[in-house]
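Residue numbering restarts at 1 for every chain, and letters A, B, ... go by the order of the sequence lines.
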Amino acid sequence: MVDLPDKKTDFIDWYLAVVEAAGVTDKRYPVKGMNVWTPYGFRARRNLDRIMIREIEATGSDAVEFPTLIPETEFQKEKEHIKGFDAEVYWVTKGGATSLDVNLVLRPTSETAMYPIFALWVRSHQDLPMNVYQIVNTFRYETKTTRPFIRVREIHFFEEHTCQVDEATAGERVASNLRAWGQMAAALALPYVAIRRPEWDKFAGAFYTVALDVPVGGARTLQLGSVHHYRENFSRPYGIQYEAADGSTRYVHQTTFGLSERLVGAVLAIHGDAKGAVFPREMAPYEVVVVPIPSAAAGDLPQRTATEVADRLTRHGLRVKLDDGPDRPGAKYYHWETVGVPVRIEVGAREAAARTVTAVDRTGTKSTLALDQLEALTDSALANFDRAISDRAQREFRASFSLAHTLDELRDSTTVRQLGWCGQEECGHQIETAIGGALLGTPEGDPPLEAPLPSACVACGRHDGVRWALAGRPM
RNA sequence: GGGACUGUGGGGUAGCUUGGUCCAUCCUUCGGGGUUCGGGACUCCGAGACGCCAGUUCAAAUCUGGCCAGUCCCA
């Protein structure tokens, strides 16, 4: 293990060092914001995809895939949307040496690719709801500093797009997406808070946006994903209409749900520690690494037993790495800890003779496993590990919020702040200036901290319409 | 959008101010041999770099310009 910067005091440097140490990406690709996925990193990403696919399909959503290029003429149809993305799209203006009649954009997101086709697919109320998703790469010309997984120009993007009969049904789809997200977050052992963004910070073209945020130390927050209700904002310009049961023609109400590889970054940021990366078992490239401990006296017994352990656990359905390379065992321990493997199984000569092995999880919990119950004991070691990192993340999450009662208190915030807000934009901006960050919005459901609702807005002191809001510094 | 800074083997660095001591330092890494192996082994042999393109100069890692890449600060 190389010495990592301190996670608490030098979070960004620590994050970059952990990403490097974890061996999941190669940042040397010579285009800003475009990173290479290594074999190890790609395993993590594929596992993330698997979780997303499982949970979204459980809610009745089907996979589709739309093209990467969108004609400028379609892209321009929804005015707010184009305004939001105009500055950060890549343009394709030539085919070979020939200038194109209609320029094409590399999708920054797929509304404008999908919706002209949705208009053809949706004819009757019988076609609704229509829930489809795709996992594709999208492109945004970020001008700010890019960071591996967190701010990139080529985004590995999960996007669900749905068409519903009316506003209320679309609202139910938003709720369904939030429940599906809850399952995904549980699989990744990630805590989060769902926050309805203020008007000035919602998705371009949305009626409202619910963002999924997690605090990452200090007042910093990381947005993990978002769910949007579009009402008829896109169905009108794109003409997505259906014939209702009563014979009338209506526009669909739409929703979208977006996630990305940023979840890999979030997992590294939230679970990682002073020793390196920590992967929850569902995302872990390998759930178990098996390390034989050679000994001249014992011949090939440790090696043979390690192979047996790896084979049995693989047949049991686990992702297993047998590390029988030439390094010394201690060097292997450090390596696999740095890259975040949940459970290591050590096979020594004395133990192998007694038909036991030692399991050590990434949090340091050690146990002896009898080989005749290897599969069951390994499963429970993995389950205990996931519970341990989830509990640790939850504890840090709860400690990441504090109440604020005045604008002054916001200035030196060392946590995300929970405060009373009247809902006026003017007050929101004052709050943002005070904290040097953003008014994240109003929590959906219970706020992180239990406290009596304040009677006055932290900015203007008004009493009408005061509700809980959260403010922080998005990274 | 405005400004500042940085770029040396695969990774991290010394050298740059004051051009020559540099066919470039050290750590790590990688390949091969041997002895080892219950928490980063030792040893021997070997591999690997001045971002790119111009310019100044007898001489450029070092100075100048452009480009590319990256970082930070401000709007």
Side-chain angles (χ1 to χ4, degrees), chain A residues 1-5 9-36 38-41 83 86-89 141-154 200 220 273-277 289-307 309 322-341 343-369 371 429 432-433 436-438 473-475:
Chain A
M1 181 180 84
V2 262
D3 281 338
L4 299 176
T9 58
D10 301 301
F11 178 76
I12 298 292
D13 289 336
W14 170 86
Y15 174 76
L16 293 170
V18 164
V19 168
E20 182 75 28
V24 285
T25 180
D26 197 320
K27 62 179 186 197
R28 293 171 297 184
Y29 193 78
V31 179
K32 181 182 169 75
M34 296 192 179
N35 300 312
V36 174
T38 62
Y40 190 73
K83 215 163 53 185
D86 209 16
E88 54 181 58
V89 294
Y141 184 75
E142 287 286 350
T143 55
K144 304 282 183 223
T145 300
T146 57
R147 301 192 188 293
F149 307 124
I150 287 179
R151 188 175 297 117
V152 290
R153 284 174 161 181
E154 180 172 9
W200 62 90
R220 277 186 303 267
D273 59 22
K275 292 163 117 178
V289 60
V290 183
V291 179
I293 299 159
S295 117
D300 68 349
L301 178 63
Q303 174 64 246
R304 247 187 13 248
T305 310
T307 304
V309 168
L322 171 64
D323 185 358
D324 53 1
D327 291 338
R328 294 166 68 96
K332 294 178 183 177
Y333 300 166
Y334 276 96
H335 172 72
W336 295 112
E337 282 168 1
T338 302
V339 302
V341 175
V343 169
R344 172 178 79 241
I345 293 181
E346 306 172 9
V347 183
R350 292 191 295 279
E351 285 181 308
R355 298 296 289 164
T356 65
V357 293
T358 298
V360 185
D361 80 17
R362 181 57 178 74
T363 66
T365 302
K366 208 169 216 176
S367 52
T368 298
L369 312 183
L371 278 180
H429 291 320
E432 296 190 330
T433 303
R473 302 185 185 119
M475 68 176 286

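- In this structure, B:C30 forms a base pair with B:G46, meeting either the Watson-Crick or the G-U wobble geometry with both donor-acceptor distances under 3.5 Å.
- Spacing between B:U29 and B:C23 at atom P, rounded to whole Å, works out to 28 Å.
- Comparing B:C63 with B:A14, their P atoms are spaced 15 Å from each other, to the whole Å.
- The side-chain heavy atoms of A:Pro329 and A:Pro292, taken from C-beta on, include no pair separated by under 4.5 Å.
- Between the OH atom of A:Tyr333 and the P atom of B:G39 there is a distance of 7 Å, given to the nearest Å.
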Once base and sugar-phosphate atoms are separated, protein heavy atoms under 4.0 Å mark nucleotides 27-36 of chain B, 5' to 3', with B, S and - as ---------B
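- Taking atom C1' on both nucleotides, B:U36 is separated from B:G10 by 27 Å, rounded to a whole Å.
- Using C1' as the reference atom, B:C74 and B:G12 are 31 Å apart when rounded to the nearest Å.
- Between the NZ atom of A:Lys332 and the P atom of B:G39 there is a distance of 13 Å, given to the nearest Å.
- Sorted by first and then second residue, the side-chain hydrogen bond (donor to acceptor under 3.5 Å, both in side chains) pairs with a member in residues 15-26 of chain A read A:Glu20-A:Lys27, A:Asp26-A:Arg28; sequence neighbours excluded.
- Contact of the A:Pro302 side chain with the A:Ile293 side chain is not registered, since no non-hydrogen atoms from C-beta on lie closer than 4.5 Å.
- Residue A:Glu337 is classed as a base contact, given a heavy-atom separation below 4.0 Å to a base.
- The partner of B:C58 is B:G20, judged by Watson-Crick or G-U wobble contacts that both fall below 3.5 Å.
- Each of A:Ala331 and A:Pro294 has a nearest nucleotide on RNA chain B; the 5'-most of these lies closest to A:Pro294.
- Shown here are the salt bridge (Lys or Arg N to Asp or Glu O under 4.0 Å) partners of A:Arg328, two or more places apart in sequence or in another chain: there are none.
- Take A:Tyr141 and apply the ring pair (Phe, Tyr, Trp, His ring centres under 6.0 Å) test, not counting sequence neighbours, and it matches A:Tyr90.
- In this structure, the salt bridge (Lys or Arg N to Asp or Glu O under 4.0 Å) partners of A:Asp300, at least two apart in sequence or on a different chain, are A:Arg304.
- Taking atom CG of A:Asp327 as the reference point, atom C1' of B:C42 lies 14 Å away to the nearest angstrom.
- Rounded to the nearest Å, the gap between the C1' atom of B:A47 and that of B:A60 is 27 Å.
- Taking atom CG on A:Asp323 and atom P on B:C37, their separation rounds to 18 Å, with Å as the unit.
- Partner assigned to B:U35 is B:A41, using Watson-Crick or G-U wobble distances below 3.5 angstrom.
- On the P atoms, B:A69 is 31 Å away from B:C30, given to the nearest whole Å.
- Pairing for B:C72 is with B:G3, a Watson-Crick or G-U wobble pair whose two hydrogen-bonding atom distances lie under 3.5 Å.
- Pairing for B:U25 is absent, with no Watson-Crick or G-U wobble pair whose two atom distances lie under 3.5 Å.
- B:C52 and B:G66 make up a base pair, with Watson-Crick or G-U wobble contacts both under 3.5 Å.
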Between protein and nucleotides 2-12 of chain B, what N or O pairs are separated by less than 3.5 Å?
| unit_1 | atom_1 | unit_2 | atom_2 | d |
| --- | --- | --- | --- | --- |
| B:G10 | O3' | A:Arg28 | NH1 | 2.7 |
| B:G10 | O2' | A:Arg28 | NH1 | 2.4 |

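- Considering only residues two or more places apart in sequence or on other chains, A:Ala352 meets the side-chain contact (heavy atoms from CB on, under 4.5 Å) condition with A:Leu301, A:Thr305, A:Val347.
- Taking every heavy atom of both residues into account, A:Asp273 and A:Val18 meet most closely at O-CG2, 4.5 Å.
- Scanning for side chain to side chain donor-acceptor pair (under 3.5 Å) contacts around A:Trp14 gives an empty result, with sequence neighbours left out.
- One C1' atom belongs to B:U28, the other to B:U8, and the distance between them is 16 Å to the nearest Å.
- For the C1' atoms, the distance linking B:A59 with B:U21 amounts to 14 Å, nearest Å.
- The side-chain contact (heavy atoms from CB on, under 4.5 Å) check on A:Thr145 picks up A:Arg147, with sequence neighbours excluded.
- Applying the side-chain hydrogen bond (donor to acceptor under 3.5 Å, both in side chains) definition to pairs two or more places apart or across chains, those involving residues 343-354 of chain A are A:Tyr333-A:Glu346, A:Glu337-A:Arg344, A:Arg344-A:Glu346, A:Glu351-A:Thr358.
- Counting to the nearest Å, the C1' atom of B:G38 and the CD1 atom of A:Ile345 are 16 Å from each other.
- Between A:Lys275 and A:Tyr334 the shortest side-chain heavy-atom distance does not fall below 4.5 Å.
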Expected string for nucleotides 69-75 of chain B under the B/S/- scheme (protein heavy atoms, under 4.0 Å, primed atoms plus P, OP1, OP2 as sugar-phosphate) is SSSS--B
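- For A:Lys366, the salt bridge (Lys or Arg N to Asp or Glu O under 4.0 Å) criterion is met by no residue, not counting sequence neighbours.
- Nucleotide B:A14 forms a pair with no other nucleotide shown, judged by Watson-Crick or G-U wobble geometry with both contacts under 3.5 Å.
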